[in-house]
Engineer: 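Sharing a structure below in structure tokens format, with a few things to ask.
In this text, all values refer to a predicted model and were calculated from it rather than measured experimentally.
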Amino acid sequence: VKGWLEGDECQFVGDYGRNWDGVACNDMGEVRALALDGANLAGSIPRQISLLRKMENLIVKNNPKLRGTIPNTVGQMSQLRQLGLYGNHLTG
């Protein structure tokens with residue numbers, strides 16, 4: 001999905017004084033969790049998702065317009081403890 005890995009997710013505070021919904025960061029400002037349940041995502045998961053090296057929880061579920069193959073680079077995410085990719089149209 002275009003834009004997932006772009007921007008300052010962990011430092012950006014919007015007009016309402018809070019961080020992006022579904023994104024959690026550690027004290028160093030690194031993304032450690034994505035929780036996007038029913039977020040109306042469309043497209044595919046980019047292989048660059050593995051660049052989020054401190055990711056512990058990747059929950060992207062119930063987004064039926066999310067399609068394609070689960071990138072094999074997910075296997076390179078050595079900190080990953082929880083992976084939830086159901087309710088989508090993903091294969092792999």
Engineer: Assigning hydrophobic clusters by single linkage (Ile, Leu, Val, Met, Phe, Trp, Tyr; side-chain heavy-atom cutoff under 4.5 Å), is L41 placed with L90?
Structural biologist: yes
Engineer: Using the side chain to side chain donor-acceptor pair (under 3.5 Å) rule, collect all pairs that involve residues 80-92, keeping only residues at least two apart or in two chains.
Structural biologist: K61-Y86
Engineer: To the nearest 0.5 Å, tell me how far R32 CZ sits from M55 CE.
Structural biologist: 10.0 Å
Engineer: Give the cluster check for L52 versus L85: same hydrophobic cluster or not, with ILVMFWY residues linked at side-chain heavy-atom distances below 4.5 Å.
Structural biologist: yes
Engineer: Tabulate below the donor-acceptor pairs under 3.5 Å that side-chain atoms of residues 64-76 make, not counting sequence neighbours, or state none.
Structural biologist:
residue : atom : partner : partner atom : Å
T73     : OG1  : R47     : O            : 2.7

Engineer: Cluster question for you: counting only ILVMFWY and a side-chain heavy-atom cut-off of under 4.5 Å, with indirect links fine, are I49 and V23 together?
Structural biologist: yes
Engineer: Under 3.5 Å, side chain of N57 to main-chain N/O of A33, donor-acceptor pair present?
Structural biologist: no
Engineer: Is N62 reaching over with its side chain to a backbone N or O of G38, donor-acceptor style, under 3.5 angstrom?
Structural biologist: no
Engineer: Count I, L, V, M, F, W, Y as connected when their side-chain heavy atoms are under 4.5 Å apart, and connections chain through other members. Are M77 and L83 then in the same cluster?
Structural biologist: yes
Engineer: At what distance, to the nearest 0.5 angstrom, does NZ of K54 lie from SG of C25?
Structural biologist: 13.5 Å
